[in-house]
Amino acid sequence: MTRTDVPAGVAIRRRRRPATPYLLLLPAVAVLLVGLGYPVYWQVVTSLQEYGMLQQFGAPPTFAGLDNYARILADDRLVPVVARSIAFCLVNAFLTVGIGLGLATLMRAVHGWVRIVMQVVLLLAWATPLVAAVTVFRWLFDYRTGVVNWLLVQLGFSQADGFAWLAQPATFFLVATFVVVWMSVPFVAMSIYAGLTQVSDEVLEAARLDGANGTQILLRILLPLVRPVLAIVLLLQIIWDLRVFAQIRLLQDGGAPVSETNLLGNFIYELGVGSQDFSGAAAVSIFVLLLTVALSAPYVRSLMKEDAA
């Protein structure tokens with residue numbers, strides 16, 4: 001019996017959604033609001049106040065409105081820092097996903113102990129503490145006792161003798177890219193590999209029987225099937241690489257020009273901890289939040305469209 005066949009006077013009872021799942025979600029939502037919402041609220045409030053050294057010793061903050069934002073936007077240091085941060089973020093994110101995709105494809109192609117060795121090596125690299133990893137790279141690129149300079153000299157590049165990698169912005173960010181990519185690739189590679197394992201062997205076998213070569217299988221079958229995974233890991237990398245702080249800060253201690261190598265996280269640290277300008281640091285933090293939303297919006301929109309389809 002269709003809906004039009006229901007006799008007159010008979011009420012149709014709609015199925016009610018149970019309230020229990022929503023009640024079970026309330027504790028998790030409350031924790032998120034307190035743990036994530038309060039820091040954002042505090043940053044917004046601080047960015048609208050005069051909050052400096054005096055307020056650290058108990059003086060009440062005064063309302064400043066949008067003066068902090070106007071002052072920060074007029075700062076000559078902001079535009080170069082934003083440009084460096086966006087360029088560093090995008091280069092590292094795409095480079096990390098590209099290398100991770102290559103390693104994931106290789107892990108799917110090899111078998112037995114070779115795959116296990118690759119996975120163990122990736123997990124060990126991922127588990128290495130950040131400070132230890134940066135310390136190793138600083139030693140590798142040290143201008144006096146670094147292995148990289150010694151190896152380049154042995155290969156005939158005599159100009160590498162005593163070359164200070166961290167003293168120049170271009171080579172400084174090259175070393176920083178090595179550090180960030182090396183620490184990020186394991187997560188990306190393992191995530192993409194997990195997606196590749198869900199691709200049916202029958203689909204690949206059918207493609208081979210139809211005459212598809214390895215490149216065609218990768219571009220026309222594997223990549224479209226794991227596209228959601230690629231989109232998610234790329235989105236996460238963009239967010240993480242835009243917020244890079246500790247790696248840059250530790251490398252700067254090796255003699256780098258701070259003003260020419262600061263990224264947004266380091267600029268916020270310099271304003272807040274270095275200059276005691278906490279209201280300005282809060283304003284830049286809100287700017288970084290908005291910039292993160294702007295950079296990640298296209299990927300979030302594409303994921304929502306795929307889910308709706």
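The structure displayed is predicted, hence computed values, not measured ones.
- Side-chain contact between Phe137 and Trp182: present, with at least one pair of heavy atoms (C-beta onward) separated by less than 4.5 Å.
- Remark: Leu234 CG to Ile239 CD1 distance equals 10.0 Å, nearest 0.5 Å.
- No hydrogens or angles considered: nothing links the side chains of Gln237 and Asn92 as a donor-acceptor pair under 3.5 Å.
- Side-chain atoms of Trp165 and Asn149 form a donor-acceptor pair, as typed in the model, at a separation below 3.5 Å.
- Within the structure, salt bridge (charged side-chain N to carboxylate O under 4.0 Å, His left out) pairs that include any residue of residues 167-196 do not occur (at least two apart or interchain).
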Practice prompt. Verify side chain to side chain contact (heavy atoms under 4.5 Å, CB included) between Phe178 and Phe141, making sure each step is shown before the conclusion.
Written response: CA-CA 11 Å; Phe178 279 121; Phe141 288 92; 3.9 Å; yes
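- In the hydrophobic cluster analysis, where Ile, Leu, Val, Met, Phe, Trp and Tyr join through side-chain heavy atoms closer than 4.5 angstrom, Val175 is grouped together with Leu152.
- Every residue was checked against the salt bridge (Lys or Arg N to Asp or Glu O under 4.0 Å) condition with Arg243, not counting sequence neighbours, and none meets it.
- Atom CD1 of Ile268 is separated from atom CG of Asp277 by 12.0 Å, given to the nearest 0.5 angstrom.
- Val180 and Val233 are assigned to two separate hydrophobic clusters, defined by single-linkage of ILVMFWY side chains at heavy-atom distances under 4.5 Å.
- Checked by atom type and distance alone, the side chain of Ser184 never pairs as donor or acceptor with a backbone atom of Val181 at under 3.5 Å.
- With sequence neighbours left out, Arg115 forms a salt bridge (Lys or Arg N to Asp or Glu O under 4.0 Å) with no residue at all.
- Within the structure, side-chain hydrogen bond (donor to acceptor under 3.5 Å, both in side chains) pairs that include any residue of residues 26-54 comprise Ser47-Tyr69 (at least two apart or interchain).
- Side-chain contact between Trp150 and Asp161 is absent, with no heavy-atom pair separated by less than 4.5 Å.
- A distance of 6.5 Å separates CG of Leu130 from CG of Leu250, quoted to the nearest 0.5 Å.
- Asp253 pairs by the salt bridge (Lys or Arg N to Asp or Glu O under 4.0 Å) definition with Arg249, not counting sequence neighbours.
- Proximity of Tyr269 to Asn262: side-chain heavy atoms (C-beta onward) are nowhere separated by under 4.5 Å.
- Judged by distance alone, the side chain of Arg144 and the main-chain N or O of Gly162 form no donor-acceptor pair under 3.5 Å.
- A distance-only check finds a donor-acceptor pair linking the side chain of Thr128 to the backbone of Leu124 [under 3.5 Å].
- Under a hydrophobic-cluster definition in which Ile, Leu, Val, Met, Phe, Trp and Tyr are linked whenever side-chain heavy atoms come within less than 4.5 Å, directly or via other members, Phe157 and Leu151 are assigned to the same cluster.
- Here the closest heavy-atom approach between residue Ser296 and residue Thr292 is recorded as OG-O, 2.7 Å.
- Nearest heavy-atom pair across Ile238 and Leu295 is CG2-CB, 4.2 Å.
- Smallest separation of non-hydrogen atoms from Pro39 and Val34: CD-O, 3.8 Å.
- Under the 4.5 Å side-chain heavy-atom criterion for Ile, Leu, Val, Met, Phe, Trp and Tyr, Leu196 and Leu123 are members of the same hydrophobic cluster.
- Nearest heavy atoms, Val97 versus Leu230: CG1-CD2, 4.2 Å.
- Residues Phe163 and Thr171 meet the side-chain proximity criterion, which asks for heavy atoms closer than 4.5 Å.
- With hydrogens and angles disregarded, a donor-acceptor distance shorter than 3.5 Å links the side chain of Ser85 to the backbone of Leu264.
- Interatomic distance, Asn266 CG to Arg84 CZ, rounded to the nearest 0.5 Å: 9.5 Å.
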Item to complete: Give the C-alpha distance, both sets of side-chain angles, the deciding distance and a yes or no for side chain to side chain contact (heavy atoms under 4.5 Å, CB included) between Ile86 and Leu291.
Response: CA-CA 9 Å; Ile86 294 177; Leu291 182 61; 4.1 Å; yes
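- No donor-acceptor pair closer than 3.5 Å links the side chain of Gln247 to the backbone N or O of Val244.
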Practice prompt. Please lay out, stage by stage, how Met190 and Met107 fare under the test side chain to side chain contact (heavy atoms under 4.5 Å, CB included).
Written response: CA-CA 9 Å; Met190 297 298 288; Met107 281 192 291; 4.1 Å; yes
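- One hydrophobic cluster holds both Val148 and Phe172 under the rule that ILVMFWY side chains link at heavy-atom gaps under 4.5 Å.
- Residues passing the side-chain hydrogen bond (donor to acceptor under 3.5 Å, both in side chains) test with Asp75 are Arg77, sequence neighbours excluded.
- Closest heavy-atom contact between Pro224 and Arg220: CG-O, 3.5 Å.
- Side-chain atoms of Leu106 and Met118, non-hydrogen and from C-beta on, do get closer than 4.5 Å to each other.
- Side-chain contact between Arg71 and Ser279 is present, with at least one heavy-atom pair separated by less than 4.5 Å.
- The two residues Val185 and Leu103 have their closest heavy-atom pair at CG1-CD1, 3.5 Å.
- Distance check, rounded to the nearest 0.5 Å: SG of Cys89 to CH2 of Trp240 gives 12.5 Å.
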Discussion item. Applying side chain to side chain contact (heavy atoms under 4.5 Å, CB included) to Asn68 and Leu48, what does each step give before you reach the verdict?
Written reply: CA-CA 7 Å; Asn68 291 318; Leu48 300 175; 5.9 Å; no
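- Here Phe94 contributes atom CZ and Thr96 contributes atom OG1; the two are 11.0 Å apart, rounded to the nearest 0.5 Å.
- For Phe63, the CZ atom sits in a packed shell: over 12 heavy atoms of surrounding residues, nucleotides or ligands are nearer than 6.0 Å.
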